[in-house]
Amino acid sequence: MDKLVDRHGREVNYLRLSVTERCNLNCFYCRGDSSSCSAGEHDAVSLNHEDYLNIVRAFASSGVEKVRITGGEPLLVNGIERLVKDISGVKGIKEITMTTNACYLRSMAGKLAEAGVSRVNISLDSLQEANFKYITNGGLLNQVWEGIEAAVEAGLVPVKINVVLLKNINHREVMDFARLTIEKPMDVRFIEFMPFGEHSREWEKYFLSLNYVEEACSTLGEIEPVEGDHGAGPARYFRIRDGSGKIGLITPLSRHFCSVCNRLRVTAEGKIRPCLFSSQEVDLRPCLGQADPVKSIKKEIKRALEYKPDPGKVAQGVASRVKQMNKGSYNMNSIGG
Ligand code: SAM
């Protein structure tokens, strides 16, 4: 089996595949073009089932073993279970995970598990009904909880909850999230707010370094770092003593992890994004209509790999990273997180 190793010696074995730009929620820190934040049928940019499958086939035969399906909201895609099932049949794919807002997970968790999803990351930025509604522009918290319960029942564990930390929006809920990890075998991962979407220019208003989380959690009990393999992700983990679950910190801005970056992203419209800190893209769409699409996608994957920047040369420090991100035309519901 081939391996994908970039010019800086990093092995890429992880694909984040966005399968739609549409989302049923409209989280204010994520949204770019608000037309994509609607659950309607209209999906101007997304590729079709066979295209996504060919993309996965090309990545798998290049050496990628893990696929995370994301969006937009992947559960809005008609036939998502079939796509998962077909991806699980691709030679070389060992793990399929999904990032979802869980609103529709209650009825789908079992089918997804059966089709081949092994774990889910669930975005949940508030434990308070009114605040959740405010952040998501109308989301219903109880739907997410039902989705989480269904995921646990279906064996999609450990469930990981993703929380984007937002100053004066949800930062006072950090302790409540931390208590969840004491009571339930659930991991909660805090993510630094990155300057994407329509609020990117007022990023400073909402950004809070994750040091805040560590300090707040230490008031709940002794903190124990948790070492080891935590999946393909960049989170640093700790546990509050005797807690059932872990707390993760994902710090793309304040303490970045470019030197161990193991991933390529593909947007819903079929463009490879080699790095979140560069607006460079490699468009796979011209490959899709060709006689041997997998072969030509593989060539483009190699080209995209060349664009993964030198980790030492990616902007250093929070301010310059923010500046770098603000230069690009980013849209999280297209990139998929
Ligand atoms: N709809 C799915 C969901 O809600 O999980 C998948 C797509 S969502 C874009 C993927 C992840 O990106 C979520 O965990 C979300 O919180 C994160 N995200 C979106 N905008 C972000 C931002 N500006 N900074 C940091 N994380 C962001």
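Just follow the structure's listing: the first ligand is 1, and inside any ligand the first atom is 1.
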Q: In chain order, what residues pass the ring-ring contact (aromatic ring centres under 6.0 Å, His included) check against Tyr206, with sequence neighbours excluded?
A: Phe28, His199
Q: So that I can tick it off, tell me whether Glu224 and Lys246 are bridged by a salt bridge, with the cut-off set at under 4.0 angstrom between side-chain N and carboxylate O.
A: no
Q: Can you find a pair of side-chain heavy atoms, one from Cys103 and one from Leu75, that are under 4.5 Å apart?
A: no
Q: Using side-chain heavy atoms (C-beta onward) and a distance below 4.5 Å, is Val260 in contact with Pro234?
A: no
Q: Pairs of nitrogen or oxygen atoms, one from ligand 1 and one from the protein, closer than 3.5 Å: please tabulate them with distances.
A:
{"unit_1": "ligand 1", "atom_1": "1 (N)", "unit_2": "Gly72", "atom_2": "O", "d": "2.8"}
{"unit_1": "ligand 1", "atom_1": "1 (N)", "unit_2": "Glu73", "atom_2": "OE1", "d": "3.0"}
{"unit_1": "ligand 1", "atom_1": "4 (O)", "unit_2": "Ser123", "atom_2": "OG", "d": "3.2"}
{"unit_1": "ligand 1", "atom_1": "5 (O)", "unit_2": "Thr100", "atom_2": "O", "d": "3.4"}
{"unit_1": "ligand 1", "atom_1": "5 (O)", "unit_2": "Ser123", "atom_2": "OG", "d": "2.4"}
{"unit_1": "ligand 1", "atom_1": "14 (O)", "unit_2": "Ser123", "atom_2": "OG", "d": "2.9"}
{"unit_1": "ligand 1", "atom_1": "16 (O)", "unit_2": "Tyr29", "atom_2": "OH", "d": "3.0"}
{"unit_1": "ligand 1", "atom_1": "23 (N)", "unit_2": "Tyr29", "atom_2": "O", "d": "3.3"}
{"unit_1": "ligand 1", "atom_1": "23 (N)", "unit_2": "Met194", "atom_2": "O", "d": "2.9"}
{"unit_1": "ligand 1", "atom_1": "24 (N)", "unit_2": "Met194", "atom_2": "N", "d": "3.0"}

Q: Not counting sequence neighbours, which residues clear side chain to side chain contact (heavy atoms under 4.5 Å, CB included) with Thr267? List them please.
A: Glu269, Lys271, Arg273, Ser334
Q: Any ring pair (Phe, Tyr, Trp, His ring centres under 6.0 Å) pairs touching residues 141-168, not counting sequence neighbours?
A: none
